[in-house]
Amino acid sequence: MLAEVKTLLSDGGEFSEEKESKVKDILKELKTINPFLVSIGINEDERDMVVKAMGFTRGHWFKCPNGHVYAIGECGGAMQRSYCPECKASIGGESHRLDEGNVVASEMDGALHPAYSEEANNMMNFEELV
């Protein structure tokens with residue numbers, strides 16, 4: 001799939017709406033296959049620095065409905081609602097439940113579930129970050 005994207009972007013031809021649509025479709029499919037491929041607007045080194053500086057266990061990073069990353073401190077469970085500074089969508093939640101459309105940002109720390117959750121496999125989040 002990535003080879004197809006590379007070919008579409010580097011074939012020397014005009015970058016048409018059709019090519020753009022194909023590239024977006026391929027990238028969308030890749031994101032569903034592997035959520036770690038999602039771009040959050042920073043490179044890997046920057047992401048590592050941010051995660052280490054915050055010092056959270058896994059599962060404290062979330063995304064608003066429009067994909068903007070934010071963190072929840074303390075236990076990692078949503079206890080108050082706010083608004084995304086980028087797009088004004090609702091972020092956080094109440095009673096340890098995220099608002100609709102908010103999801104764990106697995107691409108930040110590899111968490112599969114929120115730090116505070118009722119997920120059966122949640123203990124995987126508490127492995128030490130490498």
**Asked** Taking the six-membered ring for Trp, are H96 and Y116 parallel (under 30°), tilted (30 to 60°) or perpendicular (over 60°)?
**Response** parallel

**Request:** Would you kindly confirm whether V104 and I91 end up in one hydrophobic cluster when ILVMFWY residues are joined by side chain heavy atoms under 4.5 Å apart?
**Result:** yes

**Prompt:** Mind checking what makes side-chain contact (heavy atoms from CB on, under 4.5 Å) contact with C87, not counting sequence neighbours?
**Reply:** C64, N66, H68, C84, A89

**Item:** Contact summary for G76 and F62, nearest pair of heavy atoms
**Value:** O-CZ, 3.6 Å

**Item:** Shortest non-hydrogen contact from A105 toward K63
**Value:** CB-CG, 3.7 Å

**Prompt:** Say you draw a straight line from CE of M49 to CG of D45; how long is it, rounded to the nearest 0.5 Å?
**Reply:** 6.0 Å

**Main-chain N/O of R81 paired to D99 side chain as donor or acceptor, under 3.5 Å** = no

**Asked** Measuring from M108:CE to Y70:OH, what's the distance to the nearest 0.5 Å?
**Response** 13.0 Å

**Message:** So which atom in Y83 and which in K88 form the shortest heavy-atom distance, rounded to 0.1 Å?
**Reply:** CD2-O, 3.4 Å

**Asked** Shortest non-hydrogen contact from L98 to A78?
**Response** CD2-CB, 4.0 Å

**Message:** Taking K19 first and then D11, would you say they form a salt bridge - that is, a charged N and a carboxylate O separated by under 4.0 Å?
**Reply:** yes

**Message:** I need the minimum non-hydrogen distance between G92 and N102, along with the two atoms involved.
**Reply:** N-OD1, 3.7 Å

**Prompt:** V69, M54: one ILVMFWY side-chain cluster at the under-4.5 Å cut-off?
**Reply:** yes

**Asked** Is there a path of hydrophobic side-chain contacts, each under 4.5 Å between heavy atoms of I, L, V, M, F, W or Y residues, that connects M79 with I72?
**Response** no

